[in-house]
Amino acid sequence: MRPALRQVLESMDLAPAFVSDQNLTVVGGNRLWALLFPDVAELPRRERSMARWTLLDPRARLVWCDWERVARDYVHGLRLAAAAQPRNQHIATLIGELLMRSPEFPAWWSEHRVQERSTGLKRLRHPVVGDLELQYEIFTSVAEPGQSLVVYCAPSGSPSQERLRLLASWGSGPASATTRDTAAKS
C-alpha cells in the first residue's frame, strides 16, 4: 500500500476503513477497522479476505446481523471480479476453496448473479459495543488500479456513532499495535 493511502487510513479516527487489492485481499486497515473486525485483521495476508472470512468463519455469522445478505453480496462481487479477471489465479483459488468448504456458496454461485456495490448499509454486532448500523462507501484508486478503499461510517449523533466512539476509546493505546501488525502483515 502506498504511504499516502496508509496515511489516509490512519487519519480516520471514527471511520473503520480498509484497503483491498485486485485479489480481494485486505492489504491494510486502520486501527478502528482492526478493532471492529479483529478476526480478519489477525489473519495472515493470503487468508485476509472479507469474502473468505464471511463465508467460512463461523464467527462471521455472529458479527453480521444480516449474514445471508452480506454473504450473498460477497458471492456476487466475487463473480464480478472473476469475470473482470478471468486469469487471476488467486481469485480462482478462492472460489475453489469456497466451493469446497462453504455449504451455501455452490448454490449462490450457480445463480450467476453479478453485482457491484459501492455504497450501502451493514448491520454488525460487536462483542464489546453491541449493535452497529454502518453506512459504507467503496472508492477505487486511480493511482493504484485494482485497489479499493472501503470506509464505514455512522450517521452523526446516532447510537452507532456513539458506539464507534466507545470502541475507539476502548482500543486507544495498546490497540494501536494492531494497526502496525496489520500494516506489517501486508
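Starting from 1, each residue takes its place in the sequence as its number. Bear in mind the structure is a predicted one, so any value in this text is a computation, not a measurement.
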* Got a sec, which residues hit side chain to side chain contact (heavy atoms under 4.5 Å, CB included) with Pro155, two or more places apart in sequence or on another chain? -> Gln135, Ser158

* List, by chain and then residue number, the residues other than Met100 in its hydrophobic cluster (Ile/Leu/Val/Met/Phe/Trp/Tyr, side-chain heavy atoms under 4.5 Å); write none if there are no others. => none

* Residues two or more places apart in sequence or in another chain: which of them pass side chain to side chain contact (heavy atoms under 4.5 Å, CB included) with Ala15? -> Met12, Val151

* Asked: What orientation do Phe37 and Trp64 show, parallel under 30°, tilted 30 to 60°, or perpendicular over 60°?
  -> tilted

* What side chain to side chain donor-acceptor pair (under 3.5 Å) pairs are there with at least one residue in residues 91-102, not counting sequence neighbours? -> Arg52-Glu97, Gln89-Thr93, Glu97-Arg101

* To do: Please list all pairs passing the ring pair (Phe, Tyr, Trp, His ring centres under 6.0 Å) test where one or both residues lie in residues 85-114, with sequence neighbours left out.
  => Trp67-Trp108, Phe105-Trp109

* To do: Return the minimal non-hydrogen interatomic distance between Ala154 and Leu134, and the atom names on each side.
  => CB-CD2, 3.8 Å

* Structure fact -> Residues at least two apart in sequence or cross-chain that pass ring pair (Phe, Tyr, Trp, His ring centres under 6.0 Å) with Tyr74, listed by chain then number, are none

* **With Asp66 via side chain to side chain contact (heavy atoms under 4.5 Å, CB included) - residues at least two apart** => Arg69, Arg123

* side-chain hydrogen bond (donor to acceptor under 3.5 Å, both in side chains) with Tyr152: which residues, sequence neighbours excluded? -> none

* Qualifying ring pair (Phe, Tyr, Trp, His ring centres under 6.0 Å) pairs with a residue from residues 114-138, counting only residues at least two apart or across chains -> none

* To do: Over all heavy atoms of both residues, which pair between Leu164 and Leu14 is shortest? Give the atoms and the distance, please.
  => CD1-O, 3.6 Å

* Asked: Any Lys/Arg nitrogen of Glu111 or Arg72 sitting under 4.0 Å from an Asp/Glu carboxylate oxygen of the other?
  -> yes

* To do: For Glu133 and Ser160, test the side chains for any donor-to-acceptor distance below 3.5 angstrom and give the result as yes or no.
  => no

* Asked: Considering residues at least two apart in sequence or located in another chain, which fulfil the side chain to side chain contact (heavy atoms under 4.5 Å, CB included) criterion with Gln85?
  -> Gln22, Ala81, Asn88, Ile91

* Excluding sequence neighbours, so at least two apart, what forms side-chain hydrogen bond (donor to acceptor under 3.5 Å, both in side chains) with Asp131? -> Arg125

Name every donor-acceptor pair, under 3.5 Å, that has one atom in a side chain of residues 141-149 and the other anywhere in the protein, sequence neighbours excluded.
residue, atom, partner, partner atom, Å
Ser141, OG, Ala143, N, 3.3
Ser141, OG, Glu144, N, 2.9

